[in-house]
Structure formats: structure tokens, C-alpha cells
Amino acid sequence: MSAGDWLQLLAFHLSVSLLAVGGAVTLAPDLHRFLVDGRGWLSETQFGTSLTLAQVAPGPNVLFIALAGWNVGVNAGAGQPDAIRLALAAFGMATSVFGVLAPSSLLALVATRWSHRHRERLAIRAFRQGMAPIVVGLLLSTAWLLAQAASAGAAGWRPWALTAVCTLLVWRTRLHLVWMLAMGAALGAAGWV
Amino acid sequence: MTSAIGAGVPAPGRPADLFWAFSWLSLQGFGGVLAVVQRELVERRRWLTNAQFVEDWAVAQVLPGPNVCNLALMFGDRHFGWRGAAAALGGLLAFPLLLLLLLGTLYAQHADHPAMAGALRGMGAVAAGLIAGTGLKLLAGLRSHALGLPLAAGASAAAFAGAVVLRWPLAAIVLVLGGSTCLLTAMYLRRRPPP
């Protein structure tokens, strides 16, 4: 990849940053169109794997963009010595992450400082409080969609039962979340769900 | 610096506290970090109440950009300015990023193991439960809402139905339902000034 290509990679990520309303995953189709279909900097499999791994691994889902950028760098360094491939991979990752986070982060800081200065205004208080129930409803719908996805292709009621038990445990107890995830992984690996 | 931090309320002492707190919660966040953020910031460290958390979360969700990153930036900035924002965001991203690169390298070697697919499905079912349980706790936190619990919970139910049953796009839910709830809240707040 030439210097101009790297600049395009940065410019693309900068340009989609402010479009990520409702989570970074909503950027996946755009990213696919640019990296896989448009430039061919990433293979179909590399893109799919980046997305899936980031969903499954701990941490914010936006990290799929980091992994995609890493793979862009790996591809750019094909045929080069390992040290150069590694450096290019790290550079691709840093370029992508910086590009996708910088504009939205600046806006978030400016917007929250502004709203904090004017926090006594009726409109600000009404906005912060008024959106709260909607966000809670959306959160519950995310849980619903995740439960549906987990039960797709599996035998009947068991994934739903696991989801229901964990809902109760989170709601009513202080059991650490890591134990529940370990339980889910073990039950899944053993073939129960 | 802010009214959200009253005297005697626990708060992070320095930016490094934020970095480690967000690292720790981020590394536990399988299938979404939100459930863990609520558990760590509200229940374990008591840096926020449930009601404050939902309000911050609502703002982070409406702003463009990854929601949890926005929340980390907002929370860090409120405590230590841009240094706090950088510490919180850095904590959120650094270790999970390293782990993800490691996973990406390992995955290439063990991609087609059946137990691996099963474990992922099991963790997906658990992640759904973590988010649902957190949602129920936050729903209970709407007790202090200006609209009162029944109306606020009704708005939540409408948003849930809009997303799951009617399959409205997010923008429609936020604009139409969110907009009308904000207007209604403004009317209630105007009638009953803050104490």
C-alpha cells in the first residue's frame, strides 16, 4: 500500500466515525463495502472473522475495526520480513482505531461539557431524563435479540432457560458475571445448550 | 467540579484509578460491556447511582460513536478533564485489544472445533441474560423518574415493542418515542420544579 492508500484508509475511518449511531457494529456494512468490495485490502473471510471474534471476545465491539485494520496491515506486508509485517499491522490498526474514534470522541467531549454547563436548563434535564426509559427499553430488546440468536439452530428451550436463569441471577444476586459466562461456556462446550 | 459528585460519595482518586477500573470491567465484557459497567461503577464502586447511570447512558447512546467509549469519555472527563477521559478510554481499549489480537492469531489454528462453537453459543445465551438482568435493575431505577414509575416503564415497554415486535429502525424509536417522552418529561418537570 502506498502512502496515499494509508491516507485513504485514515480518511475513510474519519468520515464514518460520526455515522456510528447505535453502536460501532452499524458501521460493518460500510466498512465491508470499502475494505473488501472497493479496495480489496481485506478478504471476505478476514472481514467476517474480525467481526465475529470481536463480538465474542471481551471489550467494546468497536474493536472489530482494530482487528480489521490489523489485517489490512498484515496483507500490506505480504512477502516482507516478519518485523515489517508486524509494524505494518500495528500501523493499520492504529490508523483505523484513531480514525474511527477521534471525531466521535471529540464530539462526545464537547457535547457533554456543553450539556453539563447548562445542566439546570429545562431542555437538558428533560432530554437526559426523557431518553432514559427509552434506553432501558432498547436494552431489553437487545437482550431479546441476543437470546434469539443464541437459540437459533439449537434444540428448543435450553438456551432460553439458561438466559432466564442468568437474568434472575443478575437481577437478584451479586454473583460475579464471570462465573455465569464460564457456566455458559461449559454447558455449551458439553453440548447441553 | 460537578454536582454529580457530592461530599462523602465515593469517587475515583486519580486518573490511574479510572484506567484500571475500566480495564477490569472491559475484560469482563463478553457480548457487550454495559452489564459490567453497571455492576462495576454503580454496585461495586458506587461512583454513580442507577438513575445517574441511566441518564449518562442515554446521552452516550444518542451521541454518535461507540456507546461504551462515549460513556467512558464522559465519566472520565467529569472527574479529571481530558486526562480522565483518556485514562478511561485507554483502559477500556488497551487490554481487550491485546487479547483480541492474540485470539485472532489463535483462532486461525482452531477454527473448526465443535466444542468451540458450542461454548460460544452458551456464552451468547448467558450474555443475553446479563443484559436482560441489568435492564430489569435499571427499570427499577426509574422509580425516581419525573414521570413516575408507571409512565416511565410504559415508555420502556413501548421502545421494547417498537424494536422487537414492530421492528422499527433505531432512529425512528429515538426520534419519535424518545422525542415524545422528552416533551412529556419537560411538561412534568415544569409543573414540579426541582427540590
Side-chain angles (χ1 to χ4, degrees), chain A residues 18 20-24 53-54 56-60 62-63 66-67 70 101 104-105 107-109 111-112 122 125-144 146-147 149-150 154 159 162-163 166-167 170-171 177-178 180-181 184-185 187-189 191 193, chain B residues 26-30 33 36 54-55 57-58 61 63-70 73-74 77 96-97 99-100 103-104 107 115 118-139 142 146 152 155-156 159-160 163-164 170 177-178 181-182 185-186 189:
Chain A
L18 293 181
V21 181
L53 279 178
V56 166
V62 68
L63 290 178
L67 196 53
W70 174 272
L101 282 181
S104 67
S105 299
L107 179 70
L109 284 180
T112 46
L122 179 67
R125 286 193 296 139
F127 174 76
R128 289 178 66 94
Q129 280 211 28
M131 288 310 293
I134 305 300
V135 174
V136 172
L138 287 174
L139 190 64
L140 291 170
S141 67
T142 305
W144 181 265
L146 266 179
L162 181 57
T163 300
C166 289
T167 304
V170 172
W171 188 24
L177 308 179
V178 167
M180 291 179 238
L181 285 160
L187 287 174
V193 287
Chain B
S26 190
L27 282 172
Q28 299 172 64
F30 294 86
V33 186
V36 196
V54 183
E55 286 188 23
W57 179 251
Q61 174 107 15
L63 288 170
N67 306 332
V68 199
C69 298
N70 284 343
L73 286 166
M74 286 166 57
D77 181 60
L97 187 58
L99 191 67
L100 184 61
L103 269 179
Y107 179 84
L120 291 190
R121 198 171 53 240
M123 282 165 72
V126 170
L130 302 187
I131 296 180
T134 307
L136 291 178
K137 276 195 283 202
L138 295 180
L139 201 60
L142 294 179
S156 297
F160 179 85
V164 170
L170 182 70
L177 276 178
T181 325
C182 289
T185 307
L189 284 173

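Each chain gets a letter, A, B and so on, in the order the sequences are listed, and its residues count up from 1.
Most heavy-atom pairs under 4.5 Å with chain A, from the set B:Ala152, B:Gly124, B:Cys69: that is B:Ala152. Comparing A:Val178, A:Leu162, A:Leu101 by heavy-atom pairs within less than 4.5 Å of chain B, the highest count is held by A:Leu162. With chain A as the partner, the residue from B:Asn70, B:Leu27, B:Leu130 showing the most heavy-atom pairs under 4.5 Å is B:Leu130. Per-residue heavy-atom pair counts under 4.5 Å with chain A were compared for B:Leu99, B:Leu97, B:Thr134, and the maximum is reached by B:Leu97. Counting heavy-atom pairs closer than 4.5 Å to chain A, the top residue among B:Val54, B:Leu138, B:Leu142, B:Leu100 is B:Leu100. Chosen from B:Ala146, B:Pro96, B:Pro66, B:Gly129, the residue pairing most often with chain A at heavy-atom distances under 4.5 Å is B:Gly129.
Annotation: the span from B:Asn67 atom CG to A:Ser104 atom OG amounts to 10.0 Å, rounded to 0.5 Å. Expressed to the nearest 0.5 Å, how far CD of B:Gln61 lies from CG of A:Leu138 amounts to 6.0 Å. How far CZ of B:Phe160 is from OG1 of A:Thr142: 9.5 Å, rounded to the nearest 0.5 Å. Taking CG of A:Leu122 as the start and CG of B:Leu189 as the end, the distance is 6.0 Å to the nearest 0.5 Å.
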Where do A:Val136 and B:Trp57 land on the side chain to side chain contact (heavy atoms under 4.5 Å, CB included) test, with the steps shown first?
-> CA-CA 9 Å; A:Val136 172; B:Trp57 179 251; over 6 Å; no
For A:Met180 and A:Val170, what are the C-alpha separation, side-chain angles and deciding distance, and is it a side chain to side chain contact (heavy atoms under 4.5 Å, CB included)?
-> CA-CA 9 Å; A:Met180 291 179 238; A:Val170 172; 3.8 Å; yes
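Contacts of A:Ala132 with chain B are made by both backbone and side-chain atoms, with heavy-atom separations under 4.5 Å. Only the side chain of A:Thr112 comes within less than 4.5 Å of a heavy atom in chain B; its backbone stays farther off. Using a 4.5 Å cut-off between heavy atoms, A:Leu187 does not touch chain B at all.
Put simply, the side chain of B:Thr181 never gets that close to the backbone of A:Met131: no donor and acceptor are under 3.5 Å apart.
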